[in-house]
Amino acid sequence: MKTTILGHPRIGSHRELKKACEAFWKGQINKEELLETASYLKTQNWNQQKQLGIDLIPSNDFSLYDQILDTCLTVGCIPKRYNCISKQNDLELYFAMARGLQNENIDVTAMGMTKWFDTNYHYIVPEFEKNQTFEFFSKKIIKEYQEALVSGIKTKPVLVGPVTFLLLGKEKETGFHRLDLLNKLLPVYLEIIKELTALGVEYIQFDEPCLALNLNKKEQEAITTTYQTINKQFPDLKIFLANYFDCYGDNLETALQLPVDTLHLDLVRCRLQLEDVLESKYFNEKTKLSLGLVDGRNIWKNDFESSLKIIEKAATRIHLDNLWISSSCSLLHCPYDLDLEINLQKDIKQWLAFTKQKLEEINTLRNLYLPENDAYLSLYEENKSANLNRKTSKLIHDSAVKDRVSNLKDSDSDRKHPFSFRQTKQKSTLNLPLYPTTTIGSFPQTKEVRSWRLKYKKGLLSQENYDFLIAKEIEDSIRFQEEIGLDVVVHGEFERNDMVEYFGEKLNGFAFSDFGWVQSYGSRCVKPPILFGDVSRNQPMTIQWSEYAQSLTKKPLKGMLTGPVTILQWSFVRNDQPRETTCNQIALAIRDEVVDLEKHGLKIIQIDEPAIREGLPLRKENWNEYLNWAVRAFKISASGVKDETQIHTHMCYSDFNDIISSIADMDADVITIETSRSEMELLDAFVNYKYPNKIGPGVYDIHSPRVPSLEEIENLLLKATKVLPKEHIWVNPDCGLKTRDWPETKKALQNIVKAAKNLRAQEVQLA
Ligand code: GLN
Ligand code: ZN
């Protein structure tokens with residue numbers, strides 16, 4: 001029995017890579033210095049794995065930005081618009097593809113970016129043309145293998161498999177399907193393999209997580225062709241095929257018949273699939289299995305007792321020499337090292353494992369299974385007692401919260417009356433004009449605002465002084481909104497660092513790490529809250545500032561909350577109860593806040609759910625179950641108020657088509673969505689579905705510093721009026737403005753208000 005992992009985090013325990021990349025982009029360090037940091041991090045990762053007992057260590061899992069972008073360069077899939085950059089200048093080309101490039105001579109946009117399966121990691125989307133050609137262009141994979149050899153480590157290079165690579169990309173013109181490019185792409189993979197094997201590479205890990213999706217026949221055949229071709233040319237190469245994030249499902253028969261050395265199973269997501277594998281008539285006892293037992297997506301300690309049972313089951317059919325103990329997926333999605341967390345409460349810390357601890361767990365599991373290793377028994381006892389403690393800890397378990405969730409009634413997730421009835425009531429209380437204007441919640445988080453919060457957290461600014469500064473900022477923003485004539489105003493979210501962390505810090509059941517960073521995209525890292533226990537609200541979270549802001553103006557102020565699904569989705573969530581239960585607990589806590597806001601005089605409350613789409617399971621057969629509980633949780637949070645109180649929600653992802661009926665089921669009175677970048681195309685789903693409630697299609701792309709002209713906004717609105725009933729239309733930006741600067745924000749919002757006014761005036765003329 002041997003140990004391996006599918007990949008290691010690469011940002012560095014203190015985000016060294018982030019800092020180096022950003023310094024390089026600013027011209028503060030040169031290429032050599034950046035590569036030196038990269039090399040230091042890789043070597044450190046490799047050595048640590050070796051020391052902690054990992055037998056087969058991956059390479060090429062490192063990336064300066066993203067592994068799919070790396071693959072694009074490896075196979076020479078470089079969109080033509082980058083031809084203006086010399087291919088000699090590899091880093092300039094690489095980062096131009098990742099982030100766009102603008103200087104005196106060059107102006108190219110970045111490639112698109114989207115979420116990596118159901119994670120919060122974003123990859124660069126490959127672009128394909130009909131006459132796409134490929135070549136073995138970047139030799140990164142070769143260099144990294146050689147680099148590890150210098151440290152005396154013979155690695156398993158990791159390559160994104162050709163089928164996943166093609167499926168994750170986009171056709172940039174019509175008239176072909178990207179999978180048709182396989183016959184041109186495969187020869188390049190063969191070339192890569194040839195060079196690697198010539199260097200003595202024994203194993204190559206091919207990541208084909210597309211096997212966790214519903215594949216059609218053609219896609220399954222592409223998998224078969226690929227690995228048969230590779231095996232035929234390189235019969236001695238040991239192919240380590242990795243699928244993760246879900247089971248093989250109906251791709252299992254295809255997978256089991258592949259001529260691969262090892263098949264990896266994500267047994268954290270899909271524990272039962274081991275039985276499916278062992279019982280399948282296609283199961284070949286010579287195929288090695290990689291048992292993905294240690295969770296690469298979450299931070300809880302492994303349950304050794306339960307993992308050993310799985311190993312035992314596998315061992316009934318498979319010789320121990322043919323078993324790997326591994327991580328469920330790449331550890332990319334885990335923070336580095338729990339030992340760095342000196343401020344975490346000890347009781348909570350004992351339940352956790354970050355990457356370094358997970359490496360130890362993998363090694364310990366192997367050693368526990370092998371009889372001659374009694375020395376590891378104390379680790380087993382320690383693990384058992386920590387997990388037992390977690391089952392009963394008072395920090396986690398709150399019977400009042402559990403009772404409240406189990407006593408939820410159907411009526412708790414429904415507003416008192418249907419939308420049509422509420423609409424009339426809201427109309428008379430709110431008295432808003434046609435095409436009401438508003439924003440999504442946050443206003444620019446300037447350097448000053450961020451510095452106050454930092455000082456306040458460090459104790460360098462008193463509560464009183466901090467509150468004074470925030471109050472002043474809120475007042476200025478209210479005056480500004482009144483001045484330009486927005487109909488529904490917001491307080492601006494100046495007191496919030498992050499829309500999930502802010503609420504997590506105020507709710508029971510959450511803990512926070514100091515160094516628990518994970519890569520979100522490129523140099524951007526996030527530090528998800530640790531949702532360890534039963535969630536409840538024992539103090540108001542937003543009343544103070546919302547009430548204050550409302551007191552400054554006669555206009556309706558929109559209260560601003562983060563929804564239960566988004567809080568769940570962007571945290572490290574406890575794994576000792578169903579996500580649905582945890583989500584309902586959060587929903588009840590948010591509901592308390594919603595009701596409280598209403599009690600304090602707010603007539604409009606927005607509950608943001610930008611993450612509802614990314615929680616969608618990978619396989620369609622599981623969608624309904626998720627959507628049912630996710631929609632219900634939102635409705636629980638929103639349904640404690642009177643008919644007169646208007647509930648808004650906001651979502652900022654792009655593809656609404658798949659789940660539009662569930663979005664309608666959420667029954668928010670108003671939804672604001674992202675649409676401006678696609679010229680309102682994204683509105684189609686709502687139009688085709690005849691979305692029943694009100695909707696604010698974004699008319700200002702807040703991801704760009706560009707100010708949209710009055711005319712552009714008017715055109716977008718005109719498009720919306722052609723397809724939606726005019727009484728249903730709200731006018732607003734795409735998303736919150738916290739990443740923007742004030743000058744452009746002011747100009748853009750002025751144009752938005754003006755455009756809405758012009759449109760109203762036209763209506764009057766027509767009437
Ligand atoms: N209310 C939040 C804001 O304006 C919404 C952010 C989001 O959709 N991600 O910042
Ligand atoms: Zn948004």
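Read the numbers this way: they start at 1 and go in the same order the structure lists the ligands and their atoms.
- Of the protein's heavy atoms, S442 OG, 3.3 Å lies nearest to atom 3 (C) of ligand 1.
- In terms of polar-atom proximity, K738 is not counted as a contact of ligand 1, lacking any N or O under 3.5 Å from an N or O of the ligand.
- A salt bridge links E505 to K457: at least one charged side-chain nitrogen sits closer than 4.0 Å to a carboxylate oxygen.
- Atoms of ligand 1 found under 4.0 Å from any heavy atom of M560 (numbered from 1 in listed order, with element): 1 (N).
- Below 4.0 Å from some heavy atom of G736 lie the following atoms of ligand 1, by number and element: 3 (C), 4 (O), 10 (O).
- Residues W742 and F443 place their aromatic rings such that the two centres sit under 6.0 Å apart.
- Screening F686, F419, F656 against Y691 for a ring pair (Phe, Tyr, Trp, His ring centres under 6.0 Å) leaves a single residue, F686.
- With respect to R613 and D658, a salt bridge is recorded, a charged nitrogen being found less than 4.0 Å from a carboxylate O.
- With distances taken over non-hydrogen atoms, the option nearest atom 7 (C) of ligand 1 out of C735, G492, A611, P733 is C735.
- Of the charged side-chain nitrogens involved, at least one lies within less than 4.0 Å of a carboxylate oxygen, so that D669 and R422 count as a salt-bridged pair.
- Annotation for ligand 1: atoms under 4.0 Å from non-hydrogen atoms of I440 are 1 (N), 4 (O).
- Closest to atom 9 (N) of ligand 1, if we only count protein heavy atoms, is M499 SD, 3.5 Å.
- Each of the atoms 1 (N), 2 (C), 5 (C) of ligand 1 lies under 4.0 Å from some heavy atom of D608.
- Both cation-pi conditions hold for K746 and F480: the charged atom is under 6.0 angstrom from the six-membered ring centre and inside a 45 degree cone around its axis.
- Using bins of under 30°, 30° to 60° and over 60° for the plane-to-plane angle, the ring pair W730/H648 lands in the perpendicular bin.
- Residue contacts with ligand 1 for E493 involve side-chain atoms from C-beta outward but no N, CA, C or O (heavy atoms, distance under 4.0 Å).
- In this structure a side-chain-to-backbone donor-acceptor pair under 3.5 Å is missing from Q519 to L332.
- For H650 atom NE2 and C735 atom SG, the angle they make at the Zn ion (ligand 2) is roughly 120°, to 10 degrees.
- Considering backbone and side-chain N/O of H650, one or more are found under 3.5 Å from N/O of ligand 1.
- Near G441, meaning under 4.0 Å from one of its heavy atoms, ligand 1 places the atoms 4 (O).
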